[in-house]
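Every value quoted in this text rests on a predicted model; they were computed, and no experiment measured them. Both ligands and their constituent atoms are indexed starting at 1 by order of listing.
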Amino acid sequence: MQKKTIHILSIESSCDDTSAAILRNDTVLSNVVANQKIHAAYGGVVPELASRAHQQNIVPVVQQALEQAGITKNNLDAIAFTRGPGLMGSLLVGTSFAKSLSIALDIPLISVNHMQAHVLAHFIKEENYTAPDFPFLCLTISGGHTQILRITDYNNFEILGETIDDAVGEAFDKSAKLLGLPYPGGPLIDKYAKLGNKTAYKFTEPRTSGVLDFSFSGLKTAILYFLQKEQKKDPNFINDHLNDICASIQHTIVNILMKKMMEASKITGITNIAIAGGVSANSEIRDTLKSYENTLGWQTYIPKFEYTTDNAAMIGIVGYFKYLNKDFDKENTLATSRLDINE
Ligand code: KG4
Ligand code: ZN
């Protein structure tokens with residue numbers, strides 16, 4: 001029997017990116033992301049400004065997604081949206097929009113967990129990309145989360161370890177702030193690190209009692225004290241050594257992440273290893289993980305750049321799976337800022 005063709009409009013608005021995508025079954029037809037530049041000046045996301053920008057962006061972004069996909073809203077079979085976790089004001093914009101449009105078009109509404117979507121982005125159908133087989137481990141690293149997950153099927157996510165304080169994205173962004181770089185600093189550290197020596201400076205790696213847990217707040221303090229000490233000796237220290245500092249910070253973070261993944265693989269015996277989330281765009285993480293295919297015999301799954309940072313295509317793939325299970329939501333579904341990965 002031939003599979004029915006489904007078109008899903010998906011909407012992501014959990015933080016500071018307004019995104020809309022159209023999927024035809026598990027294939028992405030369009031994936032439009034409007035970044036909010038306004039937060040750069042404040043050194044971090046300002047929730048009130050984020051929700052206002054979502055309100056301005058959402059209609060044009062959805063319009064563009066439809067145009068790029070070459071369909072109209074009357075071709076849609078369902079609307080998927082991010083229910084949480086995220087910033088409440090931001091989530092409300094996407095949620096209200098999705099609900100209104102689903103009522104107007106009289107098509108199903110599907111709520112999606114943002115963290116599941118980061119992981120399941122691996123199942124978006126792409127040329128030359130094979131999705132991981134179950135079970136696999138996923139290192140989910142974003143601005144708000146740092147988790148090692150064991151995934152045994154599409155809706156079973158077991159948290160094996162997670163951060164006890166800052167998320168890894170925050171570690172990148174806060175380090176960047178100490179260096180005077182604008183928000184989000186993660187991609188800039190990555191950029192400057194390419195030109196620097198990663199063994200130039202050493203930072204102590206924080207310890208945690210849980211073998212697979214992470215801690216990044218100590219690292220931020222270590223970097224702060226290091227910079228203060230060096231700047232006393234040389235006020236131009238940061239400017240003159242920016243590339244080496246970035247390379248050393250990045251290398252320390254990547255080491256922390258990779259050691260924990262090796263431990264997780266050893267404990268579980270699983271060698272199918274995926275990464276997900278905004279920080280998985282980082283080039284050293286991607287290169288290091290890839291190199292473990294040869295040295296450790298891992299099968300690694302590294303998503304396309306556009307599916308790493310927040311985007312609606314990842315919401316759409318979860319929407320598609322839920323559509324197949326007829327797992328629909330009512331109009332009274334509420335956005336929620338906190339949401340466990342299995343909810
Ligand atoms: O998944 P995401 O887009 O949003 C959240 O759900 O948090 O992740 C954003 C995070 C930010 O902290 C940003 O600095 C970081 O991902 N990031 C990077 C890179 N690209 C984005 N961190 C390091 N290297 C990168 N290339
Ligand atoms: Zn995210």
Side-chain angles (χ1 to χ4, degrees), residues 10-19 21 31 33-37 39-40 43-45 47 50 54 81-87 90-91 94 112-122 138-147 149 162-163 166-179 181-196 198 216 219-220 246-247 249-258 275-289 302-315 317-318 337-339 341:
S10 52
I11 291 163
E12 155 61 30
S13 73
S14 66
C15 190
D16 60 337
D17 295 305
T18 320
S19 181
N31 184 27
V33 184
N35 305 116
Q36 301 180 0
K37 302 269 179 288
H39 307 288
V45 176
H54 283 305
F81 69 97
T82 305
R83 180 162 87 92
L87 299 171
S90 292
L91 289 164
V112 173
N113 180 318
H114 181 90
M115 298 311 296
Q116 289 184 8
H118 270 302
V119 178
L120 296 179
H122 285 281
C138 187
L139 175 66
T140 307
I141 38 182
S142 72
H145 291 83
T146 305
Q147 292 179 329
L149 302 164
E162 61 189 334
T163 183
D166 289 351
V168 66
E170 282 178 284
F172 270 105
D173 296 336
K174 287 178 179 175
S175 305
K177 198 172 176 184
L178 295 174
L179 299 172
L181 300 173
Y183 177 87
L188 293 170
I189 292 196
D190 192 358
K191 179 175 148 193
Y192 296 122
K194 288 197 176 90
L195 309 168
K198 60 187 179 189
F216 287 104
L219 178 66
K220 182 191 61 193
C246 287
I249 292 173
Q250 178 173 289
H251 190 55
T252 307
I253 294 175
V254 175
N255 258 336
I256 295 170
L257 296 173
M258 293 301 140
I275 47 172
V279 184
S280 67
N282 182 270
S283 53
E284 189 175 343
I285 294 175
R286 297 167 86 90
D287 294 347
T288 310
L289 200 64
I302 301 171
K304 254 177 96 174
F305 274 112
E306 61 180 294
Y307 305 141
T308 56
T309 44
D310 289 350
N311 67 90
M314 68 182 196
I315 306 301
I317 190 72
V318 184
S337 57
R338 287 174 176 275
L339 193 61
I341 181 118

Min N/O separation G277 to ligand 1 under 3.5 Å: no

Nearest neighbour in protein (non-hydrogen) for atom 13 (C) of ligand 1: D173 OD1, 3.8 Å

Test item, G144 contacting ligand 1 (heavy atom, 4.0 angstrom): yes

Smallest separation among heavy atoms of A312 and A21, with atom names: CB-N, 3.4 Å

Sole residue of N113, T308, T140, D310 in side-chain hydrogen bond (donor to acceptor under 3.5 Å, both in side chains) with H118: D310

Per-residue contact class, H145 against ligand 1 - non-hydrogen pairs under 4.0 Å: neither

Within-cut-off N or O pair, F172 and ligand 1, under 3.5 Å: no

Close N or O approach (E170, ligand 1; < 3.5 Å): no

Nearest non-hydrogen protein atom, atom 2 (P) of ligand 1: D310 OD1, 3.3 Å

Atom of E12, atom of T82 and distance for their closest heavy-atom approach: OE1-OG1, 2.6 Å

Protein heavy atom at shortest distance from atom 10 (C) of ligand 1: G143 N, 3.6 Å

Side-chain touch E284/D190, heavy atoms, less than 4.5 angstrom: no

Contact partition for H118 relative to ligand 1, non-hydrogen atoms under 4.0 Å: side chain

Protein contact of atom 21 (C) of ligand 1 - nearest heavy atom, named by residue and atom, plus distance: G278 O, 3.4 Å

Numbering as shown, the atoms of ligand 1 that approach P184 to under 4.0 Å (heavy-atom distance): 14 (O)

D17 N/O to ligand 1 N/O under 3.5 Å: no

Sub-4.0 Å heavy-atom approach of K191 to ligand 1: no

Proximal atoms of ligand 1 relative to A281 (non-hydrogen, under 4.0 Å): 20 (N), 26 (N)

Per-atom contacts, ligand 1 versus T309 - under 4.0 Å to a heavy atom: 3 (O), 21 (C)

The Zn ion (ligand 2) - name of the N/O/S atom of D310 that sits closest to it: OD1

Shortest non-hydrogen separation from A50 to S90 and the atoms involved: CB-OG, 3.7 Å

Donor-acceptor pair, side chain of R286 and main chain of S280, under 3.5 angstrom: yes

Nitrogen or oxygen atoms of D190 and ligand 1 under 3.5 Å apart: yes

